[in-house]
Amino acid sequence: MFGGDAELLSMKQTLTEILLDALSRAKEKGELKLAQQPAVTLETPKTKGHGDLATTLALTLAKPEAQAPRRIAEIIVANIQDRGSVIEKTEIAGPGFINFFLTQDRWKQTLFEIDAEGFQYGLLNLGKGERVLLEYVSANPTGPLHVGHGRGAAVGDALANLLAAVGYDVVREFYINDAGRQIKLLARSIHARYQQALGNEAPFPEDGYHGAYIEEIARGLIRADGEHYVRVPFEQCEARFAAFGREAMLAEIRADLEAFGVRFDHWFSEASLLDGGAVQQSIDELKQRGFAYEHDGALWLKSTAFGDDKDRVVVKQDGTYTYLATDIAYHRNKLGRGFATLVNIWGADHHGYIPRVQAVIQAFGHPKDSLHVLLVQLVTLMRHGQPVPMSKRAGDFVTLRDVMDDVGRDAARYIFLTRRSDSHLDFDLDVAKEQSRENPVYYVQYAHARLSSIFREAETRGIAVPASAEVDLALLDTEEEQNIIKSLARYPEMIEEAALAYEPHRITFYLQDLAGLLHNYYFKHRIIADDRARTMARLFLMKQVKTVIRGALGILGVNAPEKM
RNA sequence: GCGCCCGUAGCUCAGCUGGAUAGAGCGUCGGACUUCGAAUCCGCAGGCCGCAGGUUCGAAUCCUGCCGGGCGCACCA
């Protein structure tokens, strides 16, 4: 299932072993003391002249060994035994860097690897099947999804795909905030519109939801239940209005997400925690564990025991629960389902909430870092160079659906992933529609479509995509081809790093780079050329590029079109 | 006032958990379509990495203090 380690070590792994081997040999000979086993790190140098991979091992050893770093580098290099003959040459540079230049053969094995593994190439088994719960979007069912939710959905979905790609067992969950004041307000708003639609004067609630969608829901209720509630006081039909509004909104949210290509494994209702008694049970357990206490007629969570600024109220003086109460129950529920890691994707305006939820996690006896909160910053929509004004109170805001209709699903998803999630995003609607280099999604998709087109052309000329056995990779000798091969070889480590850092945006940057190399290559060289053997080698290379682009786009949830 | 995040090219942003000469796109200017898709490519220019200290062989990256911006600081959700 997972490629990589079984048949072929990555270049990094291979070199790491060679280095460890050299170190132990130096130690045996007494050339190095190595009181402590140093961490062997390898990185890809920025400058080409510095080799394919480089280590700072000698620099970090300088102090403990009390020797000049260059001297240590010489010792290490002298002790290297390159059994697999992957090293073309080794250089000691600068203060003591050891630079490795790898053999052509070793690079080109990458192509065979991709050919053999297909979309499995680059996938790892870091997670080893460990279960991760990823919670995202989690919008109140009181209005349609807006652009900020869209970003959360895109980031969450891509991260879920990414974690799954590195071997985690990921469950995607949407927490429905269907308890408390907001739902009541929704019901009130619908109630007012309902009365108005039937010709009754009805005051609209102070902080009610003003959007036109409320009127639609009211009309829907008239269709469903008729004029049954005319002049019926709100209190007597609240339950019906709340339930109807909740269902209507959820249906719309679900449909929007579906259209956006985002699906959840579970929809978890906040109200169910209250109805089922889970909240009370959670509070009881906190009391038993000594992390809840009564004071001033309220019940407090002792979150300061885990580094929060102050303790937090869980049950108010009037006996009702705070929002934290259901969140305590919710996170207890998550932990109880056996997830080792919880990931929550929140709007950045909730960041102040992190310490107390981490306190909750710890109060239930789990390590702080079993909860990972990813903050997603706000999105500013730009049109004609100006920010699009949005006022939620007036019900006047651009919805995710609007953006999808305007720029398309792929462009929206991709652009949401072109920034680190915690950095502010200006989403330029004009650019997102543009079919040019400026629009990153087209740039990458175009690379894929262009490759597809080449294969169609090859087919019409009667040239089949060659099997690995029939290509001579020595013919891939141009600089552009080398660059592409090295980029493809870097794909697995990029995936690994992106997954470990919970940063799916790294994939978009990688794709921009790879697509750029491809476009550049395409312009300088003909893939289908007169030389048959060279054509075969190049087609083989192009096939692997196509595989990687498609696989990476797949993780992002963006289509890889054959034609555009 | 306290806490979190952010200050990198004119603009929008990367910078891989401390590495070598700080990168990309856009924008400006100039160039490339009889040949596999020009939704593309090539070139030029552009920088006290907010400021000042500190940690060390080495700092855009880590620490401290300022300055500037955003967001939080409820017995709201």
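Chain identifiers are assigned alphabetically (A, B, ...) following the order of the sequence lines, protein sequences preceding nucleic acid strands; residue numbering begins at 1 within each chain.
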*asked:* For A/Arg456, is the CZ atom crowded, meaning more than 12 foreign heavy atoms sit under 6.0 Å from it?
replied: yes
*asked:* Within a 6.0 Å radius of atom NZ on A/Lys316, are there more than 12 heavy atoms belonging to other residues, nucleotides or ligands?
replied: yes
Over all strands shown, is [X] touching base, sugar-phosphate only, or nothing at heavy-atom distances under 4.0 angstrom?
{"X": "A/Tyr443", "result": "sugar-phosphate"}
{"X": "A/Ala62", "result": "nothing"}
{"X": "A/Arg526", "result": "base"}
{"X": "A/Arg420", "result": "sugar-phosphate"}
{"X": "A/Ala498", "result": "nothing"}
{"X": "A/His525", "result": "base"}
{"X": "A/Asp318", "result": "nothing"}
{"X": "A/Thr56", "result": "base"}
{"X": "A/Ile454", "result": "sugar-phosphate"}
{"X": "A/Asp349", "result": "sugar-phosphate"}
{"X": "A/Lys563", "result": "base"}
{"X": "A/Ala54", "result": "base"}

I want to check something: taking the side chain as every heavy atom from C-beta on, are [X] and [Y] in contact at a cut-off of under 4.5 Å?
{"X": "A/Met249", "Y": "A/Asn140", "value": "no"}
{"X": "A/Asp513", "Y": "A/Ser487", "value": "yes"}
{"X": "A/Leu32", "Y": "A/Gln67", "value": "yes"}

Selected nucleotide, minimal atom distance to [X] side chain, candidates [options]:
{"X": "A/Tyr446", "options": "B/rC16, B/rC71, B/rA39", "value": "B/rA39"}
{"X": "A/Asp422", "options": "B/rC13, B/rC5, B/rU21", "value": "B/rC5"}
{"X": "A/Ser453", "options": "B/rC57, B/rG37, B/rA20", "value": "B/rG37"}
{"X": "A/Leu59", "options": "B/rC57, B/rU12, B/rA14", "value": "B/rC57"}
{"X": "A/Asn99", "options": "B/rG37, B/rC75, B/rA20", "value": "B/rA20"}
{"X": "A/Lys63", "options": "B/rC42, B/rC75, B/rU56", "value": "B/rU56"}
{"X": "A/Arg181", "options": "B/rA14, B/rA32, B/rC76", "value": "B/rC76"}
{"X": "A/Ala449", "options": "B/rA77, B/rG37, B/rG19", "value": "B/rG37"}
{"X": "A/Phe97", "options": "B/rC75, B/rC6, B/rA20", "value": "B/rA20"}
{"X": "A/Lys316", "options": "B/rU21, B/rC76, B/rC36", "value": "B/rC76"}

*asked:* With hydrogens left out and only the distance checked, is there a donor-acceptor pair under 3.5 Å joining A/His351's side chain and the base of B/rG3?
replied: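 Per atom types, the contact qualifies.
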*Is any N or O donor-acceptor pair between the side chain of A/Asp513 and the base of B/rA14 shorter than 3.5 Å?*
no
*Within 45° of the six-membered ring axis of A/Tyr522 and under 6.0 Å from that ring's centre, is NZ or CZ of A/Arg450 located there?*
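Yes; both conditions hold, so A/Arg450 lies above the ring face of A/Tyr522.
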*Answer yes or no for this row: A/Phe509 ring on B/rA14 base, centroids under 5.5 Å, planes under 30°.*
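Here the ring of A/Phe509 and the base of B/rA14 are not stacked, as the 5.5 Å and 30° limits are not both satisfied.
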*Within the stacking criterion (centroid distance below 5.5 Å, interplanar angle below 30°), does A/His50 stack on B/rA20?*
yes
Measure up the [X] and [Y] rings against each other and bin them: parallel (under 30°), tilted (30 to 60°), perpendicular (over 60°).
{"X": "A/His372", "Y": "A/Tyr502", "value": "tilted"}
{"X": "A/Tyr175", "Y": "A/Phe268", "value": "tilted"}
{"X": "A/Tyr491", "Y": "A/Tyr510", "value": "tilted"}
{"X": "A/His505", "Y": "A/Phe509", "value": "perpendicular"}

*Is B/rC57 syn or is it anti, if syn means the base angle is within 90 degrees of 0?*
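Anti conformation for B/rC57.
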*Where the chi angle of B/rU17 falls, syn if within 90° of 0 and anti if not*: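 Syn, angle within 90° of zero.
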Rounding to an integer number of angstrom, what distance separates [N] and [M] when you compare their [atom1] atoms?
{"N": "B/rG1", "M": "B/rC76", "atom1": "P", "result": "28 Å"}
{"N": "B/rA39", "M": "B/rG23", "atom1": "P", "result": "31 Å"}
{"N": "B/rG53", "M": "B/rA59", "atom1": "C1'", "result": "13 Å"}
{"N": "B/rG43", "M": "B/rG54", "atom1": "P", "result": "42 Å"}
{"N": "B/rG15", "M": "B/rC6", "atom1": "C1'", "result": "16 Å"}
{"N": "B/rC16", "M": "B/rA77", "atom1": "C1'", "result": "39 Å"}
{"N": "B/rC51", "M": "B/rA24", "atom1": "C1'", "result": "27 Å"}
{"N": "B/rA9", "M": "B/rG25", "atom1": "P", "result": "16 Å"}

side-chain N/O [X] vs [N] OP1/OP2, d < 4.0 Å:
{"X": "A/Asn520", "N": "B/rU40", "result": "no"}
{"X": "A/His505", "N": "B/rG15", "result": "yes"}
{"X": "A/Arg450", "N": "B/rA38", "result": "yes"}
{"X": "A/Ser423", "N": "B/rA14", "result": "yes"}
{"X": "A/Tyr321", "N": "B/rA77", "result": "no"}
{"X": "A/Lys46", "N": "B/rG23", "result": "no"}

How many whole angstroms separate atom [atom1] of [X] from atom [atom2] of [N]?
{"X": "A/Arg532", "N": "B/rC36", "atom1": "CZ", "atom2": "P", "value": "19 Å"}
{"X": "A/Ile183", "N": "B/rA77", "atom1": "CD1", "atom2": "C1'", "value": "11 Å"}
{"X": "A/Phe416", "N": "B/rU12", "atom1": "CZ", "atom2": "P", "value": "19 Å"}
{"X": "A/Leu518", "N": "B/rG37", "atom1": "CG", "atom2": "C1'", "value": "12 Å"}
{"X": "A/Asp311", "N": "B/rC73", "atom1": "CG", "atom2": "P", "value": "17 Å"}
{"X": "A/Ile72", "N": "B/rC57", "atom1": "CD1", "atom2": "C1'", "value": "11 Å"}

*Paired stems touching RNA chain B, three or more consecutive Watson-Crick or G-U pairs with both distances under 3.5 Å?*
B:1-5 with B:69-73, B:10-13 with B:23-26, B:29-32 with B:40-43, B:50-54 with B:62-66
*Using atom types as modelled and distance alone, determine if a side-chain donor or acceptor of A/Ser421 lies under 3.5 Å from a backbone N or O of A/Leu375.*
yes
*Starting from the C-alpha separation in whole Å, work towards a yes-or-no answer on salt bridge (Lys or Arg N to Asp or Glu O under 4.0 Å) for A/Arg506 and A/Glu503.*
CA-CA 6 Å; A/Arg506 293 192 193 194; A/Glu503 291 186 351; 2.8 Å; yes
